[in-house]
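Here the structure is laid out as structure tokens; the discussion comes afterwards.
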Amino acid sequence: MSDRLPVFPLSTVLFPGLVLPLHIFEERYRALVRELVAQSTDEPHEFGVVTLRHGSEVAADPGDDPVPAVPPVRAEDLYEVGCTAELRHVTELPDGRFDIMTVGRRRFTVLGLEQGPEPYLCARVRWLPGEDEASGPAHALAPRVLAAFRTYLELLRPNSEALDQVPDDPTVLSHLVAATAQLTIEERHLLLAMPDTASRLRAELRLLNRESGLLARVRAVPVPLSDLARPASPN
């Protein structure tokens, strides 16, 4: 079984439960926002966020100038697993652009891209199992990951208020660590694609211990040059 889903390629990885604000200025994505807002309350007001391996998802915000053409996104330009972004708040600006607030909802695997009559990209997707109920191993791992995450945050940002806001729910914790730790895009995608919370927590425990060790020794976390060269998303 598969479903057809509007997708928004971005240079970031979205996780369930995490907030993603976006500034929408391209007409194709404005059309998507208008369609989502017009849907009935019985339908999920969501679109898929899929991470780019390379390339750009949109042209740079041109201000009042015309938006230059962007080469079409191909399946090989994208990572395989994405997460839907559910619209929570929409502000339409006087010039027709939108500032939107979304929250990650459910994970999916991209089976193939489709360019239909819509101006935006769509994909055929298969939904991945939800993680509402964490397993026994996940509950056993959560305190260790939480302790490692607190150590990591203290090394990275001493006396940060974030230390007081770390959740202890295994699944929520696994998504928060994956989204906020200083990891590469590849590492974040691998965590998003993990089959369950326990697998993600095990991987995060290894990553946090590695990063904390580096921080303790040199007070720096290595970042691949490819990540430094990747421009920030204008959306």
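The analysis underlying the following values was restricted to heavy atoms, covering all of them including side chains, and did not include hydrogens, waters or symmetry mates. Here the structure is a predicted model, which means the values were calculated and not measured.
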Do Val33 and Val90 have side chains that get closer than 4.5 Å, going by heavy atoms?
->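 Counting from C-beta outward, Val33 and Val90 do come under 4.5 Å.
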
Within-4.5 Å side-chain heavy-atom neighbours: Pro21 and Thr102 |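 They are not in contact (no side-chain heavy atoms under 4.5 Å apart), so the answer is no.
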
Short N-O contact, [X] and [Y], less than 4.0 angstrom:
{"X": "Arg4", "Y": "Glu118", "value": "yes"}
{"X": "Arg106", "Y": "Glu46", "value": "yes"}
{"X": "Glu204", "Y": "Arg210", "value": "no"}

Please report the closest heavy-atom contact between [X] and [Y], naming both atoms and the distance.
{"X": "Ala179", "Y": "Leu18", "answer": "CB-CG, 3.9 Å"}
{"X": "Thr84", "Y": "Leu14", "answer": "O-CD2, 3.6 Å"}
{"X": "Leu192", "Y": "Val81", "answer": "CD2-O, 3.7 Å"}

Does Tyr79 have Arg53 sitting over its ring (NZ/CZ under 6.0 Å from centre, angle to axis within 45°)?
->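 Yes; both conditions hold, so Arg53 lies above the ring face of Tyr79.
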
Residue pair Ser212, Asn209: steps toward the side-chain hydrogen bond (donor to acceptor under 3.5 Å, both in side chains) verdict = CA-CA 5 Å; Ser212 293; Asn209 288 335; 5.7 Å; no

Give the ring-plane orientation class for His175 versus Phe15, where under 30° counts as parallel, over 60° as perpendicular and anything between as tilted.
->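 His175 and Phe15: tilted rings.
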
Test log, rule ring pair (Phe, Tyr, Trp, His ring centres under 6.0 Å), inputs Tyr29 and Tyr120 | CA-CA 6 Å; Tyr29 295 121; Tyr120 46 80; 7.6 Å; no

